[in-house]
Amino acid sequence: MNEQTPLTETMTMAAALNSALHLAMDADSKVLLLGEDVADPIGGVLKISKGLSTKYGRDRVRPTPIAESGIIGAAVGLALGGYKPIAEIMFMDFTTVCLDQIVNHAAKLRYMSGGHTAVPLTIRTGVGTRRFGAQHAQNLEAWFMHTPGIKVVVPATAADAKGLLMSCIDDPDPCLFIEHFDLVFTQKDEVPVGEHRVPLGQAAIRRPGDQVTVITYGTQVRTAMAAAQELAEQGISVEVIDLRTLVPLDMDTVLESVEKTRRAVVLHDAHTFCGPGAELAAQITENLWGELLAPVLRLGAGYSPVPFAAGLDFHPTADDVVAAVGQLLGR
Amino acid sequence: MLTTSELQDMYRLMALITATSNRACAEVKAGSLQSAFYPVRGLEGVCAALGVAKQPGDQLVSTYRSLGDALAWGSDLRRVIAEIYGRADGVCGGKGGPMHLHDTSVGYMTSTGIVGSGIPIAVGLGIAAQLDGPNSNGTGRAVVTTFGDGATSIGAFHEGMNMAALWKLPVLFLCQNNQWGEHTPIAEYAGSTDLAGRAASYGMTAVKVDGFDPVATADVLREALERARSDGGPTFVEAMTYRLTGHSGSADYSYMPAEELAAALERDPVPSFRRAMLTSGQISEADLDSIEASVAATVDDAFTFAQASPEVEGHLRYRDVFAEGASLAGMGVRA
């Protein structure tokens with residue numbers, strides 16, 4: 001009897017990320033992982049790198065001191081030295097301690113050297129829990145979008161987590177890969193078995209619709225899908241776009257959709273003020289001013305540090321999306 | 001023991017560095033070079049020692065005060081000066097400038113304008129060298145990172161030094177101690193001015209040497225590089241010098257204590273070395289004169305070349321933001 005390899009397998013985002021790391025390290029001995037607690041037995045504080053140091057050794061899966069500037073600086077040096085490092089920064093807030101290495105070095109070295117020094121570096125970082133308070137909770141992706149020279153990638157599904165991470169590792173330039181803690185543990189979907197790549201810079205239409213476009217990414221894709229379902233039951237047709245990468249930004253898909261629906265909501269966990277949605281709203285408005293039936297609406301976090309108290313509303317909910325869509329439709 | 005030919009090479013390099021640094025400052029002051037140039041006067045001996053101690057294959061991470069390091073490492077003077085002018089023939093095609101010289105063709109991997117930030121990068125290159133192991137001749141590769149005393153105060157220094165000692169990396173940390181952090185003297189910014197003593201506390205070999213003595217410095221650097229290449233771990237070398245100019249090409253330095261500066265100028269590397277060679281008879285006066293004449297011509301040639309080099313073409317504005325093929329359209333750049 002022929003053994004049939006299943007084409008996909010149901011797995012969590014955590015398992016998909018772990019699978020991508022195993023495949024990348026297996027395929028190329030130049031791929032390395034470094035960061036705090038990344039080696040076994042702990043295998044990363046979220047266990048994403050579980051098993052890797054046991055299989056590939058501590059030279060390639062290197063637990064580091066608690067020294068983010070040192071970690072990213074060393075990763076930049078490894079990249080200059082011909083390796084493909086994956087550096088883990090446990091919480092996105094901790095990128096503040098190594099911004100110099102990310103912004104002034106990783107992102108700029110190719111340009112400043114006239115193309116002689118590429119930095120093929122992937123920085124994996126997590127965000128999305130409020131249980132540690134405001135210093136372990138902030139979505140800072142807009143900062144990195146504002147820094148030419150680094151790609152910004154945010155998966156919403158387990159399949160994309162695998163495919164986008166493998167693309168980041170292959171990429172000849174630095175990539176910031178943002179893992180949302182809720183999604184890591186609770187998002188389960190069909191993930192291609194074996195190597196799987198999702199090209200950077202291509203948005204996905206998660207749900208087609210023709211009255212309003214909701215443009216989002218990361219964990220808010222779920223919120224948008226829940227809202228779209230609820231609205232469909234009221235007879236309102238919403239198109240949901242999952243950007244998947246914020247840099248490069250797939251404006252073609254966004255503009256094509258809004259040209260059709262003529263109404264748009266941008267939605268994210270990051271702060272509304274100067275958030276990624278501000279850029280999207282501006283580009284939509286500049287390109288489709290005469291076509292829009294209503295101003296583009298932005299939904300994101302309010303202007304305060306992330307509150308610890310669960311009773312304080314912070315990230316947009318499906319109800320917020322439903323209300324925004326209602327507003328656009330004049331209801 | 002250095003050979004006569006090596007001593008001549010050192011003299012040539014020192015004289016070249018002095019003449020080029022002085023010429024660049026003069027161009028800045030004349031307004032003909034619109035550029036933040038950081039003079040290297042006082043570091044000539046350390047750079048010349050580095051030039052004779054390095055071996056092909058070794059890699060360098062430098063700082064913004066990098067002219068001497070670049071020449072020690074073998075970068076082409078014409079292309080270095082063209083880069084300082086931001087012209088098309090520069091080592092970085094004009095997009096780096098004097099603070100960001102890179103020349104991977106000679107293993108000069110990067111330089112940073114952010115004080116201390118090159119140290120962790122050199123650590124990463126050191127990990128790469130350690131993982132690569134010895135070459136086919138059985139020799140390892142050493143990584144050198146140069147920085148001033150001012151860089152020892154920032155966190156990146158501590159993080160990098162600790163990692164290098166922890167993993168016994170083949171890195172030479174070469175502190176070019178000119179005793180000034182920008183416009184502040186070392187005693188006003190460091191609780192302990194014994195930087196080698198601090199380095200030893202990380203668990204690595206640390207040596208202090210007279211950086212105005214290129215021969216002594218070359219011996220120390222050779223030993224440190226040999227230790228690195230033979231998997232003996234990192235070394236911190238504190239080369240004691242003094243900044244013989246202001247912080248930048250056009251900066252006022254009237255605040256520097258006159259007697260301190262005068263004492264340091266007594267030991268100005270090029271004239272001191274010349275006197276020493278004449279006294280010992282290791283290089284003849286005719287040979288020293290001939291080196292100086294050839295250096296003057298080389299510097300003139302390089303500045304003439306740089307000033308004639310074309311401006312960078314406008315279509316290169318968005319090249320090398322990312323590798324070719326990545327679309328910048330979503331970020332507002334239409335091809």
Side-chain angles (χ1 to χ4, degrees), chain A residues 29-30 32 34 59-60 62 64-83 85 97-98 100-101 104-105 107-118 120 145 148-151 171-174 200-201 243 245-252 254 279 283, chain B residues 59 61 83 90-97 99-105 109-110 112-114 116-132 141 143 154-156 158-163 166-167 312 316 318-332:
Chain A
S29 63
K30 295 288 187 187
L32 310 173
L34 69 164
D59 273 351
R60 290 185 62 196
R62 186 175 297 250
T64 65
I66 301 171
E68 280 79 9
S69 179
I71 293 166
I72 301 299
V76 169
L78 278 162
L80 295 182
Y83 286 81
V97 207
C98 49
D100 167 51
Q101 290 294 345
N104 289 317
H105 298 87
K108 293 178 186 168
L109 287 189
R110 177 190 288 280
Y111 192 80
M112 291 199 305
S113 66
H116 292 294
T117 51
M145 294 172 71
I150 183 165
K151 298 179 181 179
D171 200 84
D173 287 300
L200 304 183
L243 291 168
T245 68
L246 300 175
V247 176
L249 184 59
D250 182 2
M251 281 309 297
D252 289 346
V254 171
E279 175 63 31
Q283 289 208 39
Chain B
Q59 293 175 320
V61 174
E83 188 61 41
V91 276
C92 310
K95 284 182 175 172
M99 293 184 102
H100 302 297
L101 301 176
H102 305 59
D103 187 358
T104 51
S105 70
M109 302 309 289
T110 192
T112 180
I114 310 294
S117 291
I119 292 165
I121 296 175
V123 163
L125 283 161
I127 300 172
Q130 191 178 61
L131 291 174
D132 287 348
R141 176 168 89 229
V143 177
I154 205 164
H158 164 73
E159 295 186 23
M161 293 285 283
N162 179 49
M163 284 178 170
L166 173 69
W167 296 321
V312 181
L316 298 174
Y318 296 105
R319 183 177 291 179
D320 297 320
V321 174
F322 291 122
E324 217 171 321
S327 169
L328 303 184
M331 288 80 81

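Every chain is numbered from 1 and lettered A, B, ... according to where its sequence line falls, protein lines coming before strand lines.
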Chain A interface, residue from [options] that has the most non-hydrogen pairs under 4.5 Å:
{"options": "B:A326, B:S117, B:G160", "result": "B:S117"}
{"options": "B:G96, B:A129, B:G118, B:G93", "result": "B:G96"}
{"options": "B:M109, B:K95, B:E324", "result": "B:K95"}

Could you grab the distance from atom [atom1] of [X] to atom [atom2] of [Y], nearest 0.5 Å is fine?
{"X": "A:R110", "Y": "B:F322", "atom1": "CZ", "atom2": "CZ", "result": "9.5 Å"}
{"X": "A:R62", "Y": "B:M163", "atom1": "CZ", "atom2": "CE", "result": "9.5 Å"}
{"X": "B:H102", "Y": "A:L80", "atom1": "NE2", "atom2": "CG", "result": "7.5 Å"}
{"X": "B:T112", "Y": "A:K108", "atom1": "OG1", "atom2": "NZ", "result": "9.5 Å"}
{"X": "B:I127", "Y": "A:L32", "atom1": "CD1", "atom2": "CG", "result": "8.5 Å"}
{"X": "B:M331", "Y": "A:M251", "atom1": "CE", "atom2": "CE", "result": "11.5 Å"}

Worksheet item: Given side chains that start at C-beta, do those of A:M112 and B:C92 come closer than 4.5 Å, heavy atoms only?
Response: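 Not touching, per the 4.5 Å side-chain cut-off.
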
Worksheet item: So, do A:Q101 and B:I121 sit near enough that their side-chain heavy atoms are less than 4.5 Å apart?
Response: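 A side-chain contact exists here, since the closest heavy-atom pair is under 4.5 Å.
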
Output the option from [options] having the highest count of non-hydrogen pairs under 4.5 Å with chain B.
{"options": "A:V97, A:I150, A:L34, A:I72", "value": "A:I150"}
{"options": "A:D100, A:V76, A:D59", "value": "A:D100"}
{"options": "A:A75, A:A118, A:G77", "value": "A:G77"}
{"options": "A:R60, A:E279, A:K151", "value": "A:K151"}

With a 4.5 angstrom heavy-atom cut-off, is it the side chain or the backbone of [X] that approaches chain B, or both, or neither?
{"X": "A:E68", "answer": "backbone"}
{"X": "A:P248", "answer": "both"}
{"X": "A:D252", "answer": "side chain"}

Might you point out which heavy atoms bring [X] and [Y] nearest each other, and give the distance in Å?
{"X": "B:W167", "Y": "A:T64", "answer": "CH2-CG2, 4.0 Å"}
{"X": "A:H116", "Y": "B:T104", "answer": "CB-OG1, 3.9 Å"}
{"X": "B:A156", "Y": "A:S69", "answer": "CB-OG, 4.1 Å"}

Which bit of [X] is near chain A, if near means a heavy-atom gap under 4.5 Å: side chain, backbone, both or neither?
{"X": "B:A323", "result": "both"}
{"X": "B:L166", "result": "side chain"}
{"X": "B:V61", "result": "neither"}
{"X": "B:D132", "result": "both"}
{"X": "B:S327", "result": "backbone"}

Practice prompt. Mark yes when over 12 heavy atoms from residues, nucleotides or ligands other than B:L316 sit less than 6.0 Å from its CG; otherwise mark no.
Written response: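 Buried by this count: over 12 neighbours within 6.0 Å.
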
Worksheet item: Do the side chain of B:E159 and the main chain of A:P65 share a donor and acceptor less than 3.5 angstrom apart?
Response: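 Such a contact is absent between B:E159 side chain and A:P65 backbone.
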
